Amino acid sequence: MIIRVQSEPFDLGAETNAFADAQNGMGAVVTFTGIVRDLPGEGLDRMEIEHYPGMTEKALEKIAQQASERWDLGDVLIIHRYGNLKADDRIMMVATSSRHRVHAFEAAEFLMDYLKSRAPFWKKEFTASGAEWVAAKDADEAALDRW
Amino acid sequence: MIIRVQSEPFDLGAETNAFADAQNGMGAVVTFTGIVRDLPGEGLDRMEIEHYPGMTEKALEKIAQQASERWDLGDVLIIHRYGNLKADDRIMMVATSSRHRVHAFEAAEFLMDYLKSRAPFWKKEFTASGAEWVAAKDADEAALDRW
Amino acid sequence: MDVLYFAWVRERIGIPREKVETSAATVADLVAELRTREERYEVAFSDLSALRVAVDQELTDFDASLDGAREVAFFPPMTGG
Amino acid sequence: MDVLYFAWVRERIGIPREKVETSAATVADLVAELRTREERYEVAFSDLSALRVAVDQELTDFDASLDGAREVAFFPPMTGG
């Protein structure tokens, strides 16, 4: 179980290769990557991600632990950035490995659903005309009902 | 839509980075990677993957096309190897990008489910005591009912 | 007790954290105390349905006990991922 | 018409492909013709539920028409991914 909360960029390809190399006979690896989207119109100057140091790591560990108990997983990786990001920057990734593709997929979706609504990160978008906190989506909260 | 059927190894990390770099504002990228599993006991000497040149490419394009019609996708990538592989070699990968994480996940699962049972690949496992064709799993056929 | 604020809660209150002397039994009691302090607290806590709370870095509810709590944090719904 | 065999069907019949002169109307008719040829065909086609068929590189059923078909392929259920 690898959890990293960092301001530095991460190399998606290198992380994916390293995770797959270490999967140790699991057969199936799923990754999800979240990328900063530009804004229509005037465009995004930057995105700032605030987090709650200490709680963030605990929340992510708890989510990863729950996934590991619920599915037959080889390993779980979560990397999430905070601080300043630009459009097209990679915000975060999760990776799961399993003997069964369905487990790897479901666990990755579970991690994402919980991470969206239960890990203490907040996004703020800066444009030429000001800054705005990204609002949580009802759909993200509703997604938790699936599990 | 990128479909590659090849005997050469592919670099999962480089492919994942290139796909994510080209995702063009989609926000969500999902990958699945299939890896050769070793066999318990005497171990796997090698796996040989046979395919049906011509039909394979058509079948994969059709599957990718169906996914693109069904979900709101930025792009789809499928790479599948044939020929000789060893334990821990990467057999294949799919990648999807979308504005919505649920679309990226579902499309990747759909691609995998169809690819498992509808793309003309056959695996043969070689061990010290002989060779055996891998049997199709009822569960893989049943997985198609979901879509 | 350390009280922490994040995102727009932090911006409205104007500070990221402070020490608060309180005998509040629950989170809701603490909120009631803070609201009486100054306009900026009243504004930040005006709609509790728009807020989330963590006690000692665990998400919880506004009726949670503060017995033994060392750290309480208020923030809007999270938007990670 | 080109007839192709893959995986253990190829191994049982002993060749990967052959030209077949036939006036079979359907895949099932073609299979019936092939089965009468030699023991190895009889063995390969003994359990059709274990086989899949493609006509001109499209998966289809054993009752599919061969009208205009140029290529028919027989193989076991696929195991890609």
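Reckoned from all heavy atoms, side chains included, excluding hydrogens, waters and symmetry mates. A, B, ... follow the sequence lines: proteins, then strands. Residue 1 opens every chain. Nothing here was measured: the structure is a model prediction, and the numbers come from that model.
The pair A:Lys58-C:Glu58 does not meet the salt-bridge criterion, since no charged nitrogen lies less than 4.0 angstrom from a carboxylate oxygen.
The nearest pair of heavy atoms linking C:Ala54 to A:Met55 is CB-SD, 3.6 Å. The minimum heavy-atom distance linking A:Val134 with C:Thr79 is given by the pair O-CG2, 3.4 Å.
For A:Ile91, the part lying under 4.5 angstrom from a heavy atom of chain C is the side chain only. Neither the backbone nor the side chain of A:Ala59 has a heavy atom closer than 4.5 Å to any heavy atom of chain C. The parts of C:Pro76 that come within reach of chain A are both its backbone and its side chain, each placing non-hydrogen atoms under 4.5 angstrom from that chain. Proximity to chain C is absent for every atom of A:Lys137, based on heavy atoms less than 4.5 angstrom apart. Heavy atoms of A:Lys116 lying under 4.5 Å from chain C belong to its backbone as well as its side chain.
Within a 6.0 Å radius of CZ in A:Arg99, other residues, nucleotides and ligands contribute 12 heavy atoms or fewer. Other residues, nucleotides and ligands place more than 12 heavy atoms under 6.0 Å from the CG atom of A:Asp145. Heavy-atom neighbours of A:Lys124 NZ from other residues, nucleotides or ligands within 6.0 Å: above the threshold of 12. Taking a 6.0 Å sphere around CD of A:Glu132, one finds it holds 12 or fewer heavy atoms contributed by other residues, nucleotides or ligands. For A:Asn84, the CG atom sits in a packed shell: over 12 heavy atoms of surrounding residues, nucleotides or ligands are nearer than 6.0 Å. The environment of CG in C:Asp47 is crowded: more than 12 heavy-atom neighbours from other residues, nucleotides or ligands sit within 6.0 Å.
Using a 4.5 Å heavy-atom threshold, the side chains of A:Ser117 and C:Met78 count as separate. Counting only heavy atoms from C-beta outward, the side chains of C:Phe6 and A:Glu50 approach each other to under 4.5 Å.
Among A:Lys123, A:Glu141, A:Met92, the residue making the largest number of heavy-atom pairs under 4.5 Å with chain C is A:Lys123. Options C:Gln57, C:Arg10, C:Arg52, C:Glu11 differ in how many heavy-atom pairs under 4.5 Å they form with chain A, and the most are formed by C:Gln57. Listed options A:Trp133, A:Phe32, A:Tyr82 were ranked by heavy-atom pairs under 4.5 angstrom with chain C; first place goes to A:Trp133.
In this structure, the side chain of A:His80 does not engage the main chain of C:Gly80 through any donor-acceptor pair within 3.5 Å.
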Report the C-alpha distance between A:Tyr52 and C:Leu4 in whole Å, list the side-chain angles of each, state the deciding distance to 0.1 Å, and finish with yes or no for side-chain contact (heavy atoms from CB on, under 4.5 Å). CA-CA 9 Å; A:Tyr52 184 170; C:Leu4 284 67; 3.6 Å; yes
Assess the residue pair C:Leu59 and A:Arg118 against the criterion (side-chain contact (heavy atoms from CB on, under 4.5 Å)); give the C-alpha distance rounded to whole Å, side-chain angles, the decisive distance to 0.1 Å, and a yes or no. CA-CA 8 Å; C:Leu59 274 180; A:Arg118 294 290 181 268; 3.5 Å; yes
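Between A:Trp122 and C:Phe75, the angle of the ring planes lies from 30° to 60°, which puts this pair in the tilted group.
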